[in-house]
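Residue numbers start from 1 in every chain, and the chains themselves are labelled A, B, ... in the order their sequence lines are given, proteins ahead of strands. Keep in mind it's a predicted model, so treat the numbers as computed, not measured.
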Amino acid sequence: MTGGRASIWGSTRFRGLVYQVLVVAVVVALGGWLVHNTLVNLEVRGIATGFGFLEREAGFGISENLISYTPADSYARALTVGLLNTLVVSAIGIVLATLLGTVLGVARLSGNWLVGRLASVYVEAVRNVPLLLQLFVWYGVLTALPGARQALHPLPGLYLSNRGLVIPSLDWSQGWLPVLEIPSLVGFNFVGGLTLSPEFAALLAGLTIYTAAFIAEIVRAGILAVPKGQTEAALSLGLSPGQILRLVVLPQALRVIVPPLTSQYLNICKNSPLAIAIGYPDLVAVSNTAINQTGQAVEGVTVVMVVFLALSLALSGLMNWYNKRVALVSR
Amino acid sequence: MAAPIVELCDVNKWFGAFHVLKDITLEVAKGEKVVVCGPSGSGKSTMIRCINRLEEHQSGRIVVDGVELADDIKAIDAVRRRVGMVFQSFNLFPHLTVLENLTLAPVRVAGMAPRDAEATAMALLERVRIPEQAGKFPGQLSGGQQQRVAIARALCLKPAVMLFDEPTSALDPEMVGEVLDVMSGLAAEGMTMICVTHEMGFARAVADTMVFMDEGRIVEIAPPARFFDHPANERTKRFLGKIIGH
């Protein structure tokens with residue numbers, strides 16, 4: 001080597017390696033200490049570790065279940081019921097928030113002054129108030145509704161009462177094609193249709209309305225990012241404003257919209273445990289009960305963490321795949 | 001000459017307080033090629049953008065193919081179908097293939113059957129000499145190719161008038177020729193054309209009428225021979241001296 005003494009410390013590659021080894025050592029030491037500490041404390045309190053408790057009888061009821069469930073079922077089944085409740089409210093929330101958010105985002109850019117202002121007021125009011133507070137409001141509103149016999153009946157087949165929201169449902173049991181079942185009030189209760197509990201309806205309304213405000217801003221930014229020349233070219237070809245939005249602007253806005261939209265979808269999933277505040281039995285609420293009864297906090301929290309991690313990774317994987325599909329082709 | 005296909009009469013336009021078009025009066029006959037030139041900010045682009053209502057004029061009359069442009073959606077739609085426009089920055093739809101760019105308006109606006117629209121589109125791509133690029137996306141083409149696709153797209157609805165807004169200004173010098181060739185071919189076929197351009201060679205060869213604008217006014221209208229060799233107006237002389245001098 002020409003210029004002076006060759007020191008191994010002078011090698012950036014060697015230094016990089018040393019730092020990486022140090023970081024790994026620190027992380028492993030910290031993890032080991034945490035595990036050791038937990039095990040010691042569990043032993044002191046006489047709590048057995050492991051997931052064996054999942055097979056035991058849960059012994060508590062769950063107010064809403066998509067699959068059959070009784071208190072005699074296992075903790076594993078109880079947690080599955082909670083997970084399904086989380087998935088249902090998140091999935092429907094994602095669909096509704098996307099629809100509402102897109103409409104609001106477009107409305108905010110409307111040439112109509114009143115429509116634009118109203119959308120702005122919605123966005124500013126909703127996204128600046130904590131979601132938890134909004135959930136209490138919706139729950140308060142839904143439970144303060146009149147009883148079944150005086151139910152609000154704004155649209156045919158739609159009933160709003162303190163028992164929740166009754167909507168038409170599809171009956172698949174009649175054969176290949178589903179039959180639309182319109183609910184009706186008979187005596188003191190509703191017959192037919194699907195009843196959404198006040199808890200579910202409040203959580204869904206809260207998540208949808210709150211997240212739609214953020215999605216509206218994302219959609220607005222996406223539309224503004226499409227060059228004005230695109231609209232002009234479409235206008236000069238005689239396309240109508242609605243066609244321009246649908247065929248030219250929104251498809252291009254998507255590539256700007258999709259990445260931040262993914263975060264909003266993840267937010268809906270991760271905000272769904274606020275359900276616990278209004279008594280909707282989601283995964284976190286159910287696992288809380290399980291932890292209280294068994295003392296298996298580490299395992300219970302681990303289950304919830306793993307589930308949410310898997311859910312989030314699956315969702316962002318799906319959105320990344322979609323984003324690649326809508327990306328523009330260029331040289 | 002027959003009745004004008006485009007007629008501007010005492011057209012005035014303001015951007016806020018800025019008076020961008022001042023008493024513009026211009027008649028373009030069917031089949032006439034008009035080249036508009038002038039310094040930047042003189043209102044050339046604004047004038048031709050008024051002809052398909054991308055800009056709204058505030059006073060005066062604009063009549064295109066017998067339809068007066070006013071605050072009437074039907075009239076505006078009718079005019080836009082009769083007028084094709086080519087932009088400086090191409091403005092192809094980047095999320096659609098070349099073929100889809102060309103069939104969008106025929107299918108969605110004119111209600112043409114997709115198969116017929118594709119046949120028309122392919123014929124137009126032959127005409128601008130890039131049929132082999134039909135399946136590609138605009139981002140995969142060179143600037144010159146993109147602008148030729150844009151010309152084909154503007155021709156898809158069989159317009160009576162073509163507007164060109166500085167169609168070669170955003171191109172690399174070596175690609176200017178291929179676009180001008182396509183435009184010359186179009187002119188030879190008898191298309192009515194209004195071109196804002198600084199390509200004076202093209203203007204001299206193709207134009208029937210030269211229009212010179214400055215500060216929102218039409219300063220001079222003349223056939224190219226007289227316009228280039230004996231301009232009447234001082235301002236025109238200075239402008240031509242600057243752009244042809246080197």
*How about Asn52(B) and Leu235(A): do any of their side-chain heavy atoms sit closer than 4.5 Å?*
no

*Any side-chain heavy atom of Leu104(B) sitting closer than 4.5 Å to one from Leu247(A)?*
yes

_Members of residues 119-135 of chain B whose heavy atoms come closer than 4.5 Å to chain A_ = none

Considering only distance and modelled atom types, tabulate donor-acceptor pairs under 3.5 Å from the side chains of residues 216-226 of chain A, sequence neighbours left out.
residue: Glu217(A); atom: OE1; partner: Arg108(A); partner atom: NH1; Å: 3.1
residue: Glu217(A); atom: OE1; partner: Arg220(A); partner atom: NH2; Å: 3.2
residue: Glu217(A); atom: OE2; partner: Arg108(A); partner atom: NH1; Å: 2.4
residue: Glu217(A); atom: OE2; partner: Arg220(A); partner atom: NE; Å: 3.3

_Interatomic distance, Ser240(A) atom OG to Arg80(B) atom CZ [nearest 0.5 angstrom]_ = 11.0 Å

*Mark yes when over 12 heavy atoms from residues, nucleotides or ligands other than Leu309(A) sit less than 6.0 Å from its CG; otherwise mark no.*
yes

*Close approach to chain A in residues 82-102 of chain B, criterion heavy atom under 4.5 Å*: Val83(B), Met85(B), Phe87(B), Asn91(B), Leu92(B), Phe93(B), Pro94(B), His95(B)

*Check whether more than 12 heavy atoms from other residues, nucleotides or ligands sit under 6.0 Å from atom CG of Asp71(B), and answer yes or no.*
no

_Interface residues of residues 151-168 of chain B facing chain A - non-hydrogen atoms under 4.5 Å apart_ = Arg153(B), Leu157(B)

*Look at Pro251(A), Gly238(A), Ala233(A) and state which one has the largest set of heavy-atom pairs under 4.5 Å with chain B.*
Ala233(A)

*Which of the residues Ala105(B), Ala110(B), Pro106(B), Pro138(B) is involved in the greatest number of heavy-atom pairs with chain A at under 4.5 angstrom?*
Ala105(B)

_Side chain / backbone / both / neither for Gln243(A) at chain B, heavy atoms under 4.5 Å_ = side chain

*Does any heavy atom of chain B fall under 4.5 Å from the side chain of Ala234(A), the backbone, both, or neither of them?*
both

*asked:* Please classify the contact between Arg108(B) and chain A as side chain, backbone, both or neither, with a heavy-atom cut-off of under 4.5 Å.
replied: both

